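All values below come from the heavy atoms of this structure, side chains included, with hydrogens, waters and symmetry mates left out. What you are looking at is a predicted structure, and each value in this text was computed from that prediction instead of being measured.
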Amino acid sequence: MTTAATTFTDAWRAWRTEREAAATAPGGLAVVTGTHWLSDEPAPVEGVTGRWSRAGDRVVGDLGGSTVELGIGETAEIGGVTVRALSNPRGIGVRLFDDASPYRAGLAGIDAYEPDEVWVLPGRVTVPRRATVQVRHADGWVADVRIAADVVVTVEGREVTLAAWDDGAGALQVSFADSTRSSEETGFRFLSLPRGEGPVTVDFNRAYLPPSAFTPHYLCPNPPAGNTLDVAVEAGERRPRRR
């Protein structure tokens, strides 16, 4: 007979399977081998042939006999490497994807805490207290990020308010740290929550590692001030499991 407990555990294990596949599979999180910002002057980019530059809001690659032009979000396959044009407030650049990445070759999976319903907590989504918050990204870049909502939740008897931003796919994303992070490889984790004000379930069993935990070439946002908990959240993903 199926019980609520087995349904909870089975759903969590299915999520874990999806997460490990997303990290280890061809085309997954661990195949990024570089993120490079371009100037108007063509220059070599480590990890792919040619000389690369920006031209307005496009990326141009001079391959020595042929030219590649990419709009933002477009890709090209060059010598087994996928080149994707990207843009953010830093500028125009390229991100490189290679299934033969050493980061993927060395990744066996993701270690996680066993699921525990004690970490499924009631919360509420409210109007944010502030319009923006300063955030340091994984590569050291600091910028103001627009806050989409505040997430209020009581953790270990203490009410905390976590700033959340739009994840670009219709959900809220929370970047947070806690006291377990001092003994783990990655100093912070993410939570994804539905948009919309009102009650929300905050399930820390679904706390997941940022892409920058698997390869240093992602630009993930660190927790802003106020998103660090002084308790140990022993739930969710812990660290990459290396071969």
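Contact detail for Pro128 and Ala148: the closest heavy-atom pair is CD-O, 3.8 Å. Listed here is the closest heavy atom pair of Val233 and Tyr113: O-CE1, 4.1 Å.
Linking ILVMFWY residues whenever their side-chain heavy atoms come closer than 4.5 Å, directly or via other members, leaves Leu86 and Leu38 in distinct clusters. Transitive grouping of hydrophobic side chains (ILVMFWY, heavy atoms separated by less than 4.5 Å) keeps Trp165 and Leu193 in distinct clusters. Hydrophobic clustering (side-chain heavy atoms under 4.5 Å, transitive across Ile, Leu, Val, Met, Phe, Trp, Tyr) keeps Val142 apart from Ile147.
Within the 3.5 Å criterion, the main-chain N or O of Ala213 finds no donor-acceptor partner in the side chain of Tyr218.
The pair Asp139-Arg90 meets the salt-bridge criterion, since a charged nitrogen lies less than 4.0 angstrom from a carboxylate oxygen. A salt bridge links Asp230 with Arg158: the closest approach of a Lys/Arg side-chain nitrogen to an acidic carboxylate oxygen falls below 4.0 angstrom. By the 4.0 Å N-to-carboxylate-O rule, Glu74 lies too far from Arg84 to be salt-bridged with it.
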Next item on the list: Could you walk me through whether Ser212 and Phe188 pass the side chain to side chain contact (heavy atoms under 4.5 Å, CB included) test, one step at a time?
Entry: CA-CA 10 Å; Ser212 56; Phe188 61 98; 4.1 Å; yes
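A donor atom on one side chain and an acceptor atom on the other are not found under 3.5 Å apart for Thr201 and Asp203. Side chain to side chain, Gln173 and Ser192 fail the donor-acceptor criterion of an N or O pair below 3.5 Å. Using modelled atom types and a 3.5 Å distance limit, the side chains of Thr35 and Arg95 yield a donor-acceptor pair.
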